[in-house]
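Labels below follow one simple rule: chain letters A, B, ... track the order of the sequence lines, proteins then strands, and each chain is numbered from 1.
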Protein chains: 2
Amino acid sequence: MSITSDLIRGHTETIILALLQQEDSYGYRINKAIRSATDGEYELKEATLYTAFRRLEEAGYIRSYWGNEESGARRRYYAITDAGHDAYRQSLAEWHRANLLINRLVTGIYPREAQEGGESI
Amino acid sequence: MSITSDLIRGHTETIILALLQQEDSYGYRINKAIRSATDGEYELKEATLYTAFRRLEEAGYIRSYWGNEESGARRRYYAITDAGHDAYRQSLAEWHRANLLINRLVTGIYPREAQEGGESI
DNA sequence: ACGATATACCTCGCCTGTCAAGGTATATCA
DNA sequence: TGATATACCTTGACAGGCGAGGTATATCGT
């Protein structure tokens, strides 16, 4: 894994919601999906994942239920709620705004006044 | 301010380096530049800023010197080092990669196998 | 003369999200 | 029988951000 966690920090919940938006899923599978979607460049650690689940459930953005597997280990499935949908849309919008700002800031492309003395306010 | 800190977390140092790449500057001014560049949507808190300075200096990415103001409060100027330039370039590249991954993950656009069962590895 | 505001620096201690390390249990395959 | 994959979970530490507080100088209005 090569992407530092600080760059992803804050996106964990959005990523989970994005996946659950498509269909109910469970921890192990979500984790694998993320890993393979990023070609192994990023993975959520299990501890991170499960604390995120708890946060999301407490916030009312997801709910969980046990799957009825007849074989293999039990699975706890998660489903996104209506509030979760709203939260997801909002997070996505926030990310788009933040993306613009971050790009501007890290590339050092600043409005002229900010560099010339900043008398704008 | 509306952008949550977790979305910016990890970019603080890159943002500072980006500014110092253009010219030496000092804390207060850097802070103002960021605020005005984002139209007030984001600002580094002073505590964050100064701890970042210390980290960057300890890492050898910046060095500092006192300005010789004849009036007004003293200013501690920061200059980027060669190692700082390298670190900046690397951070920027990392950010571009992370940006792609984050976009993919938060929009839920996943390769097919990841959704179908993930037998790719 | 005095207070408010802007400039400019700094520190302490808390909060929050991440994660290493550890644990449990079931099924498959060599 | 042991290794590996699946599948879940918790504890404690760590690091970065930040609220709250502090210091000092200069300017401007009253």
Taking the side chain as every heavy atom from C-beta outward, state whether B/R9 and B/H11 have any atom pair closer than 4.5 Å. no
Using a strict cut-off of less than 4.0 Å between a Lys/Arg side-chain nitrogen and an Asp/Glu carboxylate oxygen, indicate whether A/R104 and B/E41 qualify as a salt bridge. no
Determine whether A/D24 and A/Y78 make a side-chain contact, defined as any pair of heavy atoms from C-beta on separated by less than 4.5 Å. no
Checking side-chain polar atoms at under 3.5 Å, does A/S64 have a donor or acceptor matched by the opposite partner on A/R76? yes
Is the number of heavy atoms from other residues, nucleotides or ligands within 6.0 Å of OH (B/Y61) greater than 12? no
Rounded to the nearest angstrom, tell me the gap between atom CZ in A/F53 and atom C1' in D/dC9. 12 Å
Using only side-chain N and O atoms of A/Y26, determine if any of them is under 4.0 Å from OP1 or OP2 of D/dA7. yes
Within less than 4.0 Å of OP1 or OP2 of C/dT18, is there a side-chain N or O belonging to A/R55? yes
Round to the nearest Å and state the distance from B/L7 atom CG to D/dG17 atom P. 13 Å
Euclidean distance, atom CG of residue A/L56 to atom P of C/dT16 [Å, nearest integer]: 16 Å
Hey, which of these two, B/A52 or A/E69, hits DNA chain D nearer its 5' end, going by closest nucleotide? A/E69
Using atom CG of B/L49 as one end and atom C1' of C/dC10 as the other, report the distance to the nearest whole Å. 11 Å
Protein-nucleotide distance (A/H11, atom NE2; C/dT16, atom P), rounded to Å: 19 Å
D/dC18, OP1 or OP2 - any side-chain N/O from B/T48 closer than 4.0 Å? yes
Decide whether B/L49 and B/Y65 are clustered together by the hydrophobic rule: side chain heavy atoms of Ile, Leu, Val, Met, Phe, Trp, Tyr closer than 4.5 Å, transitively. no
Could I get a table of every N or O pair under 3.5 Å where one atom is in the protein and the other is in nucleotides 24-29 of chain C?
residue	atom	partner	partner atom	Å
C/dA27	OP1	A/G72	N	3.4

Enumerate the protein-to-nucleotides 11-13 of chain C contacts in which both atoms are nitrogen or oxygen and the separation is below 3.5 Å.
residue	atom	partner	partner atom	Å
C/dT11	OP2	B/R54	NH2	3.0

For B/Y28 and C/dA6, what is the distance between atoms OH and P respectively, to the nearest whole Å? 8 Å
Taking five pairs at each terminus, the helix from C/dA1-D/dT30 to C/dA30-D/dT1 shows an axis bend, to 10°, of 10°
Does either side chain, that of B/Y77 or that of B/R75, offer a donor lying less than 3.5 Å from an acceptor on the other one? yes
So, do A/L7 and A/Y42 sit near enough that their side-chain heavy atoms are less than 4.5 Å apart? no
Between CD1 of B/I8 and P of D/dC18 the distance, given in whole Å, is 9 Å
Answer yes or no: is there a side-chain heavy-atom contact under 4.5 Å between A/L17 and A/Q21? no
Atom CD of B/Q90: over 12 foreign heavy atoms under 6.0 Å: no
Counting C-beta onward and ignoring hydrogens, is there a side-chain heavy-atom pair between B/L44 and B/I8 closer than 4.5 Å? no
Whether B/R76 contacts C/dC9 is assessed here as follows: a side-chain N or O lying under 4.0 Å from the phosphate OP1 or OP2. Is that the case? no
Do A/T51 and A/T12 come within less than 4.5 Å of each other through their side chains, counting heavy atoms only? no
A/R9 has an atom CZ; how far is it from atom P of D/dG17, in whole Å? 9 Å
